[in-house]
> 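Following this message is one structure expressed as structure tokens.
Just so you know, these numbers come straight off a predicted model, no measurement behind them. Residue numbers start from 1 in every chain, and the chains themselves are labelled A, B, ... in the order their sequence lines are given, proteins ahead of strands. Values below: all heavy atoms of this structure, side chains included; hydrogens, waters and symmetry mates excluded.
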Protein chains: 2
Amino acid sequence: MRGPVSRRSGREAEATRDHIVMEVVPRKTTIREVAQAAAVGVGTISRVLNSSSQVSRETRERVLETIRRLGFRPNAQARRILKRRAEMVCFLLSNRDFLHPFHARILQGVESYASGLKQHVLFAALHYSPRTPPDRIDLPPVLQEHGLIDGLILAGTIYPNLLRKIESIHMPFVAFSNNVVGMSDEQQFDQVGFDDFNGMLRATRYLIGKGHRQIVFAGGDISYPWLRRRFEGYRQGMRENKLKAVLIAARSPQSFVDFGQKSIGRILSRQPRPTAAVAGNDEIAYGLWRSLRRHAIKVPDDISLVGFDDREEAVLMDPPLSTVRVHKEEIGEACMKMLLERLHHPRMTFSHRILPTEFVIRGTVRRL
Amino acid sequence: MRGPVSRRSGREAEATRDHIVMEVVPRKTTIREVAQAAAVGVGTISRVLNSSSQVSRETRERVLETIRRLGFRPNAQARRILKRRAEMVCFLLSNRDFLHPFHARILQGVESYASGLKQHVLFAALHYSPRTPPDRIDLPPVLQEHGLIDGLILAGTIYPNLLRKIESIHMPFVAFSNNVVGMSDEQQFDQVGFDDFNGMLRATRYLIGKGHRQIVFAGGDISYPWLRRRFEGYRQGMRENKLKAVLIAARSPQSFVDFGQKSIGRILSRQPRPTAAVAGNDEIAYGLWRSLRRHAIKVPDDISLVGFDDREEAVLMDPPLSTVRVHKEEIGEACMKMLLERLHHPRMTFSHRILPTEFVIRGTVRRL
DNA sequence: TTAGGGTGTGGAACCAGTTCCAAGCTTCTT
DNA sequence: AAGAAGCTTGGAACTGGTTCCACACCCTAA
């Protein structure tokens, strides 16, 4: 038909003779076969598939019918070469032992928004130390090839060296900003996060509105920027009501739950005794609650409690925890949206979107 | 150089003139440019990249040096056309409101095993009704294109119609079998699961070993095959000790936690009063525990409790729940492994791998 | 009647790798 | 010394959609 004898058929015959037959793919229909079957040119098929330029109604219908009849599904790879778009992004989770529900829901937000736009989402994980120099960071396989993905959504704990590495391979990215650590302010990149400061401010105001005056902040390790911001929100709330801010900080590195459990003594021994505790996050709140239960101190009758994040723990506690809800799916959606904008406008100035949080009233705050 | 005047450069010049300049990709190096720079043929570059056939040591080094110098990264898409392998699989989660920790950890197992073999993992979600006929199931975009992924790992609740649909597009797959529902036994496909029956049998024996004789099974809706299997494990344990099996089943559809909370009355009112309850899963166990707490009935002093799954709830409970641990990452790993085998041996007979579970002793069982 | 504009269509050239044949150069065998 | 065999290597042909130029055709206006 075209050129010399087809090489493919020669190879196939040989394979059959030797009984090696791999038959990876059962010889898929190509656009040229469809063109021949529908008695049109290949260009027309392509035009129908991309529903782009004008094709006469009858031709279009004939082509579609042929496509259906032959069960033709275009090869994704071939299309991408010329499109210069993979229509695929990677959700990269860094430095997490496992995919916690918090990030799982962000991923889910990314996926649901992406799939509506026929974009695909790859999941990859990465472990590196904050002190690994950029050129020694071992990126996952997805980022070693070129053209596999169009961009990156970074989640997990993000240190400057990782950003530098990503920038060095010229891969567009958006970072979930709340867990970005140690970044100088002039460092510019696209980011989406939620509002630590105002979330905690709102929670603090709520407690004050309920008549609480002696409120402590159980913050754990305040060197984490997000806990710092939450603390500042709490402090702002106290200051505007002329109340004294009290920070219970971690003395040694430990898990949040452990910190909560162990710091309850330091809270209860204060004079005057606090009527409420604001926890830096739900895990700390859970630790506090558990310890209080063991001391037979009732929440909220003896002490009120609020958390931050609205994790699973919050509803599992008894009474369920009043906390600051973070809309995790929405964060994922916003990340994906911003990444697509970046891809369409590579020279656009960097943006930093901060999503609002919501205070959820459940059962751990008592009116004084 | 070759052919008529390059079309690309013409288009670029025009774009610049009109100030539209998209510059999606900053003009990547191609294999031909590398070949020219290294003064070898394109075939040689390809051979070096695939470290396949023999290339002389000095040529290989010269090529590698040139690749480094030009910062060349081969285009993933082009390679895939001829390789006829996407080196990518899709983790498809069906009929879940969100990516629960349980499945998140399976996904993580898939990813960590895959990335070690330079395979990529796409995440996609799907919602469909058990009664949607196969041809009406709206598969996610990944599965509508052809050649994007090599195979599929199915998780979430899987009904026969979905399998039929997947089979109809000739996509190799492995299913996480514990949540497969309504499948006739002759239906053959690759699957990986864990051992509901023996897990519960082990747990029941453990309770009996601790001296318990009046043990009820809080099973919820036993029409789920996996709960049925767990119940059978419990029954077997009771039977082999000549004890009477008691099933507390759900009377109406409700969440597992709700069922646990509401069925505590039915358990405690039995005569003689049970000394232990076996829950169909950790959520039910959590519901039971919460209700017991409110009735001021102590676990394990007044009643012992065991669960199944080892979810987050288990360690959050106080005392932490003794339960049957499922190795979620291992399931993911086994799924990925089986899928790769299937891809390499398309005609291999179907396999069904059942992974063992492990009983974890924590604090909810008392010795009588 | 003819020029001009718009629409519809075929197909060669293209993308960026891979594959394989042929040919050049050694080295080994007889 | 001639031929065989082995190792390298270049490059044409290939993969399978996409793009764009050229051309056919139809309709309208002068």
> May I ask you to verify if any side-chain N or O of A/Arg84 is less than 4.0 angstrom from the OP1 or OP2 atom of C/dA16?
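Yes.
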> Return whichever of B/Arg62 or A/Ala76 has its heavy-atom-nearest nucleotide of DNA chain D closer to the 5' end.
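Nearest nucleotide further toward 5': that of B/Arg62.
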> Among the nucleotides D/dT18, D/dG16, C/dT18, which one has an atom lying closest to any side-chain atom of B/Ser46?
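Nearest to the side-chain atoms of B/Ser46, counting from C-beta on, is C/dT18.
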> Quick test of your reading: applying salt bridge (charged side-chain N to carboxylate O under 4.0 Å, His left out), list the pairs with at least one residue in residues 332-341 of chain B, sequence neighbours left out, ordered by first then second residue.
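Applying salt bridge (charged side-chain N to carboxylate O under 4.0 Å, His left out) to every pair that reaches into residues 332-341 of chain B, excluding sequence neighbours, yields nothing.
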> A side-chain contact here means heavy atoms from C-beta on lying under 4.5 Å apart; do B/Glu61 and B/Arg57 qualify?
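SC-SC contact between B/Glu61 and B/Arg57 confirmed.
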> So, OP1 or OP2 of D/dT9: does either fall under 4.0 Å of a side-chain N or O from B/Ser56?
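Yes, within the criterion.
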> Counting just side-chain N and O atoms, does A/Thr59 come under 4.0 Å of either OP1 or OP2 of C/dT9?
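For A/Thr59, the contact criterion (side-chain N or O under 4.0 Å from OP1 or OP2 of C/dT9) is met.
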> Kindly point out which of C/dG10, D/dG17, C/dA16 is positioned nearest to the side chain of A/Thr44?
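The listed nucleotide nearest to A/Thr44's side chain is C/dG10.
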> Can you find a donor-acceptor pair, distance only, under 3.5 Å between B/Arg47 side chain and D/dG10 base?
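Such a pair is found, so the answer is yes.
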> Looking only at N and O atoms, is any donor in the side chain of B/Arg32 or the base of C/dG17 less than 3.5 Å from an acceptor on the other one?
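It does, because a donor-acceptor pair links the side chain of B/Arg32 to the base of C/dG17 below 3.5 Å.
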> Please, which pairs that meet salt bridge (charged side-chain N to carboxylate O under 4.0 Å, His left out) have at least one residue in residues 67-77 of chain B, sequence neighbours excluded?
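Qualifying pairs: B/Glu65-B/Arg68.
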> Can you tell which of D/dT15, D/dT18, D/dT8 lies closest to the side chain of B/Ile81?
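Of all the options, the side chain of B/Ile81 is nearest to D/dT15.
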> Can you pull out every salt bridge (charged side-chain N to carboxylate O under 4.0 Å, His left out) where at least one residue sits in residues 147-168 of chain B? Sequence neighbours excluded, please.
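Of all non-adjacent pairs touching residues 147-168 of chain B, none passes salt bridge (charged side-chain N to carboxylate O under 4.0 Å, His left out).
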> Kindly point out which of D/dT9, C/dG10, D/dG16 is positioned nearest to the side chain of A/Val40?
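The listed nucleotide nearest to A/Val40's side chain is C/dG10.
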> Does C/dC15 have OP1 or OP2 sitting under 4.0 Å from an N or O in the side chain of B/Asn75?
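No, outside the criterion.
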> Let me test you: for the helix from C/dT1-D/dA30 to C/dT30-D/dA1, what is the angle between the axes at its two ends (five pairs each), rounded to 10 degrees?
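That helix has its two terminal axes inclined by roughly 50°.
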> Test of understanding: with salt bridge (Lys or Arg N to Asp or Glu O under 4.0 Å), list the residues that count as partners of A/Glu329, not counting sequence neighbours.
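Per chain and number, A/Glu329 pairs via salt bridge (Lys or Arg N to Asp or Glu O under 4.0 Å) with A/Arg105.
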> Please enumerate all residues that pass salt bridge (Lys or Arg N to Asp or Glu O under 4.0 Å) together with A/Arg342, with sequence neighbours excluded.
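For A/Arg342 the salt bridge (Lys or Arg N to Asp or Glu O under 4.0 Å) partners, ignoring immediate neighbours, are A/Asp190.
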> On DNA chain D, compare the nucleotides closest to B/Ala78 and B/Glu58; which residue's is nearer the 5' end?
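Result of the comparison: B/Glu58.
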> The side chain of A/Ile31 lies closest to which of these nucleotides: C/dG17, D/dG17, C/dT18?
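Among the listed nucleotides, the one closest to the side chain of A/Ile31 is D/dG17.
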